[in-house]
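Report on the structure given below.
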Amino acid sequence: MEKSMPRKGMGLDVLTLAVVLIVLSVLGLLWSAGTQDPLLQVHTWIMTGAFVLGLVALAMKGFAGLDNDQSRYNEGIIKAGVIATLFWGIVGFLVGVIIAFQLAFPALNIEGIGWLNFGRLRPIHTSAVIFAFGGNALMVTSFYVVQRTNRARLAGGIWPWFVFWGYQLFILLAASGYIMGVTQSKEYAEPEWYVDIWLTVVWVSYLLVFLGTLMKRKQAHIYVANWFYLSFIVTVAMLHIVNNLSMPVTLYGIKSYSAFSGVQDALTQWWYGHNAVGFFLTAGFLGIMYYFVPKRAERPVYSYRLSIIHFWALIFTYIWAGPHHLHYTALPEWTQTLGMVFSVVLWMPSWGGMINGLMTLSGAWDKLRTDPVMRMMVVSVAFYGMSTFEGPVMAIRSVNSLSHYTDWTVGHVHSGTLGWVGFVSFGAIYCLVPWIWKRKRLYSNDMVEWHFWIATIGIVFYITSMWVSGIMQGLMWRAYNSFGFLEYSFVETVEAMHPYYIIRATGGLLFLIGALIMAYNIWRTIRGDVRKVEPLPEAEPLAAAIPAE
């Protein structure tokens, strides 16, 4: 049974949002009428259409009714978030497989169809996996965890739905812009100025919903998972706003110019870029780890004190590590050294968190044999430990001189995103679906086993091929002959990497197949189907309205 909460009227929330959407719809129509830029017109019509659809949804009594019952948790948005996470994950993995094969076989870049070639699809892959798949996973789990651990319904009435659908609109605008060539060419921050403004509005609303839920909590203690979620939301907002400060050429055009230039622009970009990894792909997903690993293991966190030390050490250290991306550039050497030192120091709190996550299974190690979901989450924590060791090593200037700009960096990034982010997100979704849809178990635990092993083999193929390719690439670039000339041409290095690119694409394909198996398993679970050929698991508890601690 869920804990009873006082009822409150929803009329003011709905009315406020309706007024906002009416104003935005009118502004969208005026903006579309005023611009002569065909690319901007596409986006203004997408935005206007989305705002009008929002008004139609508000006018439907059934949609507003989702938020009328204040005595229950908001589970509708959790269900929508789970489906969105799976959808965008498959889209991102599929595009990743396509561009991996395009790198291995350049003929797949079809002449005359620029919007399907590597240059347009690559940012779609990175943004879809990080911000669409990862962002939705963080949003849905944060909304779930903050309600359960605080015994409070999401604040803001219908505004959490604005956050959810507003974020989907941002993803749609970003992806369609990349296909059309609308980009400001900043890694992990490609969308142009008007899309950045919209994301800022959505993200601030997300922050207010999360804070409002914490403020109306029913117990004094704030569980540590919420600390990590809150740090992720606040820091990403700061990073996004500062890095995307720009001046549009005209309000009726897509083009803008950054507020920074030269080495200042590079430093700001990689202060953003590395901390997007640090707070979006690390701190946020540590929030998932600190709730779902103890919950699934049915054990308390190994050391709550260590989790607090982990939190403060991580957030104070990570923010300084960005300059290690700019070794051997025009950036002052003291700044490069600062980034290198903090990157190496970062290894200690990161491994403290890994140890805390793994040791939470003390007394429950048998679950790794019987529960494939638990195994997936534990392996994700192991990948977190591996990636956070490899990262500081690659930040050391002498190592960086070999590894940077090579496929070694690509392998490192994917060991973190596929192994850590992917697996912990999959594990959380496997937990959430039976809890939220009130099913006794998943449709098939055997399918989870297949997903785990196929995806793990895919990750191993991917990162090992990129390690070998990257180190070989770096050594070939720095090889000189007896006359002091370069030993190998650039084309020769590309030719040497070809077999490893095929292995990389194969690994990505295996990871995609695993995600498709998961999607089918989740679909059958939502339907309420159960495979009769399998014995029921020993314990797979339904969600309870209690904190994880």
Side-chain angles (χ1 to χ4, degrees), residues 84-104 109 114-139 167-168 170-192 195-196 199 203 232 236 239-240 243-244 269-282 284-285 322 325 383 387 391 404-423 425 458-459 462-463 466 470 501 504-505 507-509 511-512 515:
T85 302
L86 285 173
F87 172 78
W88 289 118
I90 291 173
V91 170
F93 305 147
L94 174 61
V95 177
V97 170
I98 292 171
I99 62 175
F101 277 105
Q102 286 179 334
L103 284 176
N109 290 272
W115 48 272
L116 281 180
N117 287 347
F118 180 87
R120 300 286 176 90
L121 294 182
R122 190 264 176 181
I124 292 179
H125 164 62
T126 54
S127 293
V129 172
I130 297 172
F131 298 114
F133 168 69
N136 275 288
L138 289 170
M139 191 173 289
Y167 194 68
Q168 309 313 308
F170 157 71
I171 295 167
L172 181 59
L173 291 172
S176 59
Y178 301 155
I179 291 177
M180 296 186 298
V182 179
T183 172
Q184 61 177 344
S185 303
K186 287 190 171 186
E187 185 73 350
Y188 309 137
E190 288 94 344
E192 270 290 358
V195 183
D196 289 333
L199 179 58
W203 206 260
F232 135 72
V236 167
L239 297 168
H240 169 74
N243 187 53
N244 289 291
Q269 161 60 29
W270 284 110
W271 167 76
Y272 163 88
H274 191 78
N275 288 293
V277 174
F279 287 86
F280 201 98
L281 297 178
T282 301
F285 289 93
H325 287 267
F383 270 109
S387 298
H404 210 44
Y405 309 116
T406 72
D407 288 332
W408 186 356
T409 302
V410 178
H412 166 67
V413 168
H414 283 78
S415 69
T417 51
L418 300 183
W420 158 237
V421 170
F423 270 12
S425 299
I459 294 171
Y462 196 113
I463 61 178
M466 290 297 95
Y501 278 21
R504 184 255 294 273
L509 180 61
F511 197 84
L512 172 62

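Just so it is clear, the values below take in all heavy atoms, side chains as well, and ignore hydrogens, waters and symmetry mates. Keep in mind it's a predicted model, so treat the numbers as computed, not measured.
Considering every non-hydrogen atom in both Y272 and A189, the closest pair reads CE2-CB, 3.6 Å. Closest non-hydrogen pair, G135 versus Y167, comes out as CA-OH, 3.7 Å. The shortest non-hydrogen separation linking P123 to Y178 is O-CE1, 3.5 Å. Residues V129 and F133 share a closest heavy-atom pair of O-CB, 3.4 Å. A84 approaches Q168 most closely through the heavy-atom pair CB-OE1, 4.0 Å.
Using a 4.5 Å cut-off on side-chain heavy atoms (C-beta onward), N136 and F87 make no contact. Using a 4.5 Å heavy-atom cutoff, the side chains of F131 and I171 are not in contact. A heavy-atom distance below 4.5 Å is found between the side chains of Y501 and D407. Contact check for Y188 versus L239: no side-chain heavy atoms found under the 4.5 Å cut-off. The shortest side-chain heavy-atom distance between T85 and M139 does not fall under the 4.5 Å cut-off.
Remark: V236 pairs with W203, F232, F279, F280 by the side chain to side chain contact (heavy atoms under 4.5 Å, CB included) rule, at least two apart or across chains. Residues satisfying the ring pair (Phe, Tyr, Trp, His ring centres under 6.0 Å) criterion with H414, sequence neighbours excluded, are Y462. Every residue two or more places apart in sequence or in another chain that forms a ring pair (Phe, Tyr, Trp, His ring centres under 6.0 Å) with W270 is listed here: H325. In terms of the salt bridge (Lys or Arg N to Asp or Glu O under 4.0 Å) criterion, residue partners of R122 (sequence neighbours excluded) are, by chain and number, E187. Residues forming a side chain to side chain contact (heavy atoms under 4.5 Å, CB included) with H240 (at least two apart in sequence, or on another chain): D196, L199, T200, N244.
The distance from atom CG of L173 to atom OG of S176, rounded to the nearest 0.5 Å, is 5.5 Å. Expressed to the nearest 0.5 Å, how far CD1 of I124 lies from CD1 of I179 amounts to 4.0 Å. Here CE of M466 is found 11.5 Å from OG1 of T409. Values are rounded to the nearest 0.5 Å. Taken to the nearest 0.5 Å, the CZ atom of R504 stands 13.5 Å off from the CG atom of L509. Here F423 contributes atom CZ and T417 contributes atom OG1; the two are 11.5 Å apart, rounded to the nearest 0.5 Å.
Ring-plane geometry between F285 and W420 is classed as perpendicular, the angle between the planes exceeding 60 degrees on a 0 to 90 degree scale with a lower cut at 30.
The main-chain N or O of A174 is never found under 3.5 Å from a side-chain atom of E190 such that the two would form a donor-acceptor pair.
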Using distance only, find each side-chain donor-acceptor pair of residues 91-103 under 3.5 Å and give its atom names and separation, not counting sequence neighbours.
unit_1 : atom_1 : unit_2 : atom_2 : d
Q102   : OE1    : F118   : N      : 3.3
Q102   : NE2    : L116   : O      : 3.0

